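In the text below, chain A, chain B and the rest are named by the order of the sequence lines, each starting its count at 1. What you are looking at is a predicted structure, and each value in this text was computed from that prediction instead of being measured.
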Amino acid sequence: NAGVTQTPKFRVLKTGQSMTLLCAQDMNHEYMYWYRQDPGMGLRLIHYSVGEGTTAKGEVPDGYNVSRLKKQNFLLGLESAAPSQTSVYFCASKDTLSSYEQYFGPGTRLTVT
Amino acid sequence: SQQGEEDPQALSIQEGENATMNCSYKTSINNLQWYRQNSGRGLVHLILIRSNEREKHSGRLRVTLDTSKKSSSLLITASRAADTASYFCATAAFSNSGGYQKVTFGTGTKLQVIP
């Protein structure tokens, strides 16, 4: 039982390049989330999903797209990376609507130059 | 300012001392959670307190909630070097459209426990 895993762990992109971050969970959780963490800002929600095939915008969705084609995977895409997207990205999952605890992945550190 | 703001931003104590960190929030909530983040790692859930509860204990952790003041505190007793981490509060409330529980994380308190 690996919990929540994220791929890759580190990445450096040039402005304008694209990439996809992969989040996988093996706990059969319904809810999945993508956050970004910046110094002094706490965690901010980018997009989330309440089940397979669903996605919704969070607090800071601009510049990102997501897909949840399989229940266990939640992909975060950057179509044209910008330096403002330099951050640490965390994926999290939660069992159901009534459950509270979110399980976090180890994070992906992304630098856009 | 953000929904959850921790105070202090940073705290340095000696091993064996107690550590207290506070969280203030602005809107009504269903529950409040505390998470720990070790350097370079993801967040780990510590404890949850519901809006109708005033105090909760879990091992060396004690959480209080004052909904009239919209504030919560996390007390770690008899701190250890391994408690060195950042601590975040997270407030949860059902969204206006219903059916979704919006969770908002605070900015965190960085705790250093000196051996």
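- At a heavy-atom cut-off of under 4.5 Å, chain B is reached by no residue from residues 8-18 of chain A.
- Among A:Q6, A:R109, A:Q102, the residue with the largest count of heavy-atom pairs under 4.5 Å with chain B is A:Q102.
- Looking only at side-chain heavy atoms (C-beta outward), B:C23 and B:L32 come within less than 4.5 Å of each other.
- Heavy-atom neighbours of B:Q9 CD from other residues, nucleotides or ligands within 6.0 Å: at or below the threshold of 12.
- Proximity to chain A involves both the backbone and the side chain of B:L43, based on heavy atoms less than 4.5 angstrom apart.
- Note that the OG atom of B:S58 and the CZ atom of B:R60 stand 10.5 Å from one another [nearest 0.5 Å].
- When atom types are taken as modelled, the side chain of B:E5 and the backbone of B:Y25 share no donor-acceptor pair closer than 3.5 angstrom.
- Between the A:S49 side chain and the A:T54 main chain, a donor and an acceptor come within less than 3.5 Å of each other.
- A 6.0 Å sphere centred on NZ of B:K110 holds no more than 12 heavy atoms belonging to other residues, nucleotides or ligands.
- Interface residue B:Q37: only side-chain heavy atoms are found under 4.5 Å from chain A.
- The distance from atom CD1 of B:I49 to atom CG of B:L65, rounded to the nearest 0.5 Å, is 5.0 Å.
- With a 4.5 Å cut-off on non-hydrogen atoms, A:Y100 touches chain B through its backbone and its side chain both.
- With rounding to the nearest 0.5 angstrom, the CD1 atom of B:I13 is 8.5 Å from the CD1 atom of B:I114.
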